[in-house]
Amino acid sequence: MTVQQTLSIIKPDAVGKNNIGDIIARLEKKGLNIVAAKMLHLSKEQAEQFYAVHKERPFYGELVQFMTTGPVLAMVLEGEDAILQNREIMGATNPSEAAPGTIRADFASSIEENAVHGSDSPETAGFEIPFFFTQEEILKRTR
Ligand code: IDP
Ligand code: MG
């Protein structure tokens with residue numbers, strides 16, 4: 001077990017439905033600590049860069065469009081095995097395949113508008129966290 005940091009995003013659909021609090025409650029209840037957070041409305045360029053890994057996928061254009069439809073809440077979560085833990089709490093990409101009780105099963109409306117993003121590996125987290133946060137914006141939990 002190792003303490004890790006991972007990037008979480010509450011996507012425009014979930015922000016628009018006022019599901020921020022319910023989603024954060026699930027993350028905190030599982031022992032993930034928020035060590036950085038900011039709300040922002042992604043530009044087309046930011047969304048394109050963030051999802052550049054999916055550039056060749058057929059859904060890339062729609063994904064970029066969706067992610068710019070409204071504000072998002074970007075967060076750094078910290079905890080034991082935070083990357084995998086967060087992915088488990090999120091559930092499968094397609095809400096119809098997401099396990100009961102996961103965030104996507106309960107808050108996502110489609111495979112595209114699926115409420116949350118989470119880094120899928122240490123390498124991905126290493127790109128995604130600095131994409132949104134400077135070192136100074138990531139805080140130590142002192143109590
Ligand atoms: P993940 O978010 O579970 O890691 P990825 O495969 O990395 O899933 O895809 C990134 C995002 O792209 C998804 O969360 C979803 O919003 C969108 N997406 C993935 N697959 C599809 C699809 O088949 N159609 C439309 N959008 C998709
Ligand atoms: Mg992914």
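Numbers here are sequence positions counted from 1. Note that these values count all heavy atoms, side chains included, but never hydrogens, waters or copies made by symmetry. Just follow the structure's listing: the first ligand is 1, and inside any ligand the first atom is 1.
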K.L.:
Among R57, R104, R87, which residue places a heavy atom closest to atom 2 (O) of ligand 1?
P.N.:
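Ranked by closest heavy atom to atom 2 (O) of ligand 1, first place is R104.
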
K.L.:
Would you indicate which of T93, L63, D13 comes nearest to atom 3 (O) of ligand 1 when only heavy atoms are counted?
P.N.:
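Result: the heavy atom closest to atom 3 (O) of ligand 1 is in T93.
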
K.L.:
Between ligand 1 and N114, can you find any atom pair, the residue atom being a heavy atom, that is separated by under 4.0 Å?
P.N.:
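So N114 counts as touching ligand 1.
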
K.L.:
Heavy atoms, side chains only, cut-off 4.5 Å: are T102 and I89 in contact?
P.N.:
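Side chain of T102 against side chain of I89, heavy atoms only: no contact under 4.5 Å found.
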
K.L.:
Out of Q4, E128, Q5, which one pairs with S119 under the side-chain hydrogen bond (donor to acceptor under 3.5 Å, both in side chains) rule?
P.N.:
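That would be E128.
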
K.L.:
Heavy atoms only: which of E112, M90, H54, E113 is nearest to atom 16 (O) of ligand 1?
P.N.:
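Comparing heavy atoms across E112, M90, H54, E113, the nearest one to atom 16 (O) of ligand 1 lies in E112.
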
K.L.:
Tell me the closest heavy-atom pair linking Y60 and Y51, and the distance in Å.
P.N.:
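Y60 and Y51 have their closest heavy atoms at CE1-O, 3.3 Å.
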
K.L.:
Test K11 against H117 for side-chain contact (heavy atoms from CB on, under 4.5 Å), laying out the working first.
P.N.:
CA-CA 7 Å; K11 294 184 178 181; H117 168 86; 3.8 Å; yes

K.L.:
I need the nearest protein heavy-atom contact for atom 15 (C) of ligand 1: residue, atom name and distance, please.
P.N.:
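Among all protein heavy atoms, the one nearest atom 15 (C) of ligand 1 is I111 O, 3.2 Å.
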
K.L.:
I'd like the name of whichever of F66, F59, Y60 reaches closest to atom 20 (N) of ligand 1 through any heavy atom.
P.N.:
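Shortest heavy-atom distance from atom 20 (N) of ligand 1: F59.
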
K.L.:
Can you tell me which residue among I10, L40, V116 is in a side-chain contact (heavy atoms from CB on, under 4.5 Å) with V72?
P.N.:
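It is L40; the other options fail the test.
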
